[in-house]
Student: 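What follows is a structure written as structure tokens; I'll ask about it next.
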Amino acid sequence: MAIGMKKDNRGYSLVELIVVIVILALLSGTALFSISIIFGASAKACANGIKEALAETKVTAMGKSEARLQISRSGEDDCIYVTQQIKNVGDTDWKGSKVDETGDAVAEKIGNSRVSVTYKKEGEALQELKQGESIYLSFDRGNGSFSNKSEDCILCEEIYVRGGSRSYKLTLTELTGKVTIELE
């Protein structure tokens with residue numbers, strides 16, 4: 001060290017502080033983005049589950065007497081479930097197409113409690129599927145179109161599935177029974 005020069009180490013420079021703040025901002029932004037993708041994945045899985053269940057119910061309806069799909073939000077765990085139900089010729093009650101050893105209908109879990117499902121009936125405002133509620137969708141056996149002829153069944157135009165920062169819109173075409181999904 002040269003004579004007369006003093007080393008001054010009393011703190012951090014402004015440039016060092018700015019670099020640390022930028023690094024922290026990048027790390028927190030990446031973490032938030034990752035979390036939103038993770039929560040959005042459950043919404044996508046739920047939307048795909050509804051679409052697949054509707055397609056399976058349509059095939060069943062065209063081969064059996066009557067079939068309908070129950071989409072429900074459980075009153076116990078607040079998750080989203082689907083149950084395909086059938087009514088054969090001469091039956092008076094709906095039965096689950098998949099049953100357990102006791103004969104009770106088996107519901108398939110397709111969404112967790114962080115997923116919200118809203119639906120729009122023909123000409124009405126959006127309604128949220130609340131805890132303990134269900135909606136029923138059915139198909140016409142002759143042509144595969146959506147039908148509300150079965151008891152409790154509704155004609156639904158759109159179903160929205162939201163989770164995290166993701167929202168998916170399922171469009172249900174009444175006359176053809178077609179279901180399409182798009183990211184909102």
Side-chain angles (χ1 to χ4, degrees), residues 39-122 124 126-163 166-182:
F39 289 139
S42 58
K44 184 175 185 176
C46 184
N48 285 331
I50 291 172
K51 182 178 179 182
E52 290 169 11
L54 282 168
E56 186 178 324
T57 303
K58 181 177 180 179
V59 169
T60 303
M62 295 181 78
K64 301 222 182 223
S65 294
E66 287 187 74
R68 69 181 184 180
L69 182 69
Q70 176 185 11
I71 304 171
S72 59
R73 179 173 286 283
S74 172
E76 296 172 10
D77 62 3
D78 201 29
C79 294
I80 307 297
Y81 290 88
V82 292
T83 308
Q84 185 184 60
Q85 301 173 341
I86 57 173
K87 189 192 293 187
N88 293 316
V89 176
D91 287 349
T92 56
D93 295 327
W94 290 98
K95 296 177 182 153
S97 63
K98 298 174 186 168
V99 293
D100 60 14
E101 59 277 349
T102 63
D104 292 332
V106 175
E108 180 184 352
K109 181 179 175 180
I110 59 168
N112 59 33
S113 60
R114 292 184 301 270
V115 173
S116 72
V117 174
T118 54
Y119 59 96
K120 183 177 180 185
K121 288 195 235 177
E122 198 173 30
E124 295 184 17
L126 282 174
Q127 298 178 29
E128 183 175 1
L129 188 62
K130 296 181 180 145
Q131 194 171 11
E133 291 183 345
S134 297
I135 58 171
Y136 297 91
L137 303 170
S138 68
F139 294 91
D140 184 279
R141 182 172 186 223
N143 59 17
S145 64
F146 283 102
S147 170
N148 63 350
K149 293 176 186 172
S150 299
E151 60 190 68
D152 300 326
C153 292
I154 62 170
L155 286 177
C156 197
E157 296 175 349
E158 298 167 344
I159 298 174
Y160 294 89
V161 181
R162 293 180 179 86
R166 302 280 182 171
S167 177
Y168 294 90
K169 175 183 172 185
L170 286 84
T171 304
L172 287 65
T173 307
E174 180 185 344
L175 294 176
T176 61
K178 183 178 178 182
V179 180
T180 56
I181 297 178
E182 60 185 81

Student: Sequence neighbours excluded, which residues qualify as side-chain hydrogen bond (donor to acceptor under 3.5 Å, both in side chains) partners of Thr173?
Tutor: none
Student: Is Tyr119 close to Ile71 at the side-chain level, that is, under 4.5 Å between some pair of heavy atoms?
Tutor: no
Student: In Å and rounded to the nearest 0.5 Å, what is the CG to CD distance from Leu126 to Glu157?
Tutor: 10.0 Å
Student: Roughly how far, to the nearest 0.5 Å, is the CD atom of Gln127 from the CD1 atom of Ile154?
Tutor: 7.5 Å
Student: Can you name the residues that form a side chain to side chain contact (heavy atoms under 4.5 Å, CB included) with Ala47, not counting sequence neighbours?
Tutor: Val161, Tyr168, Leu170, Ile181
Student: Quick check: do Leu137 and Val179 have side-chain heavy atoms less than 4.5 Å from each other?
Tutor: no
Student: Looking at Leu172 and Cys156, what are the two nearest heavy atoms and their distance?
Tutor: CB-O, 3.4 Å
Student: I want to check something: taking the side chain as every heavy atom from C-beta on, are Glu66 and Asp91 in contact at a cut-off of under 4.5 Å?
Tutor: no
Student: For Ser147, does its backbone N or O pair with a side-chain atom of Ser138 as donor and acceptor, under 3.5 Å?
Tutor: yes
Student: Does Thr180 have any side-chain hydrogen bond (donor to acceptor under 3.5 Å, both in side chains) partners at least two apart in sequence or in another chain, and if so, which?
Tutor: none
Student: What's the separation between atom CD1 in Ile110 and atom SG in Cys46, rounded to the nearest 0.5 Å?
Tutor: 4.0 Å
Student: Taking all heavy atoms of Ser113 and all of Cys79, pick out the closest pair and write down the distance.
Tutor: N-SG, 3.8 Å
Student: By ring-ring contact (aromatic ring centres under 6.0 Å, His included), which residues pair with Phe139, not counting sequence neighbours?
Tutor: Phe146
Student: Of all residues at least two apart in sequence or in a different chain, which pass the side chain to side chain contact (heavy atoms under 4.5 Å, CB included) check with Gln85?
Tutor: Arg68, Gln70, Thr83, Trp94, Tyr136
Student: Any chance you could measure Leu129, atom CG, to Ser134, atom OG, to the nearest 0.5 Å?
Tutor: 7.0 Å
Student: Would you name the heavy atoms of Arg162 and Ala43 that are closest together and state the gap between them?
Tutor: C-CB, 3.9 Å
Student: Output a table of donor-acceptor pairs, distance under 3.5 Å, between side-chain atoms of residues 48-58 and any protein atom two or more places apart or on a different chain; print 'none' if there are none.
Tutor:
unit_1	atom_1	unit_2	atom_2	d
Asn48	ND2	Lys44	O	3.3
Thr57	OG1	Ala53	O	2.8
Thr57	OG1	Gln84	NE2	3.2
Lys58	NZ	Thr176	O	2.9

Student: Could I get the full list of side-chain hydrogen bond (donor to acceptor under 3.5 Å, both in side chains) partners for Asp93, not counting sequence neighbours?
Tutor: none
Student: Please name all residues satisfying side chain to side chain contact (heavy atoms under 4.5 Å, CB included) with Val99, sequence neighbours left out, ordered by chain then number.
Tutor: none
Student: Between atom OG of Ser74 and atom CD of Gln131, what is the distance when rounded to the nearest 0.5 Å?
Tutor: 7.0 Å
Student: Within the side chain of Asp140, is there an N or O that forms a donor-acceptor pair under 3.5 Å with the backbone of Asn143?
Tutor: yes
Student: Sequence neighbours left out, what passes side-chain hydrogen bond (donor to acceptor under 3.5 Å, both in side chains) with Asn112? Give chain and number order.
Tutor: none
Student: Pairs in or reaching into residues 77-86: which pass salt bridge (charged side-chain N to carboxylate O under 4.0 Å, His left out), with residues at least two apart or in two chains?
Tutor: Arg73-Asp78
Student: Side-chain contact test, heavy atoms from C-beta onward, threshold under 4.5 Å: evaluate it for Ser116 versus Glu128 and give yes or no.
Tutor: yes
Student: List in chain and number order the residues that pass side chain to side chain contact (heavy atoms under 4.5 Å, CB included) with Lys169, two or more places apart in sequence or in another chain; answer none if no residue qualifies.
Tutor: Glu158, Tyr160, Thr171, Glu182, Glu184
Student: Looking only at non-hydrogen atoms, find the nearest pair between Ile159 and Val117 and report the distance.
Tutor: CG2-CG1, 3.8 Å
Student: Nearest heavy-atom pair of Gly96 and Ala105: which atoms, and what distance?
Tutor: CA-CB, 3.7 Å
Student: Tell me every residue that passes salt bridge (charged side-chain N to carboxylate O under 4.0 Å, His left out) with Lys109, counting only those two or more places apart in sequence or in another chain.
Tutor: none
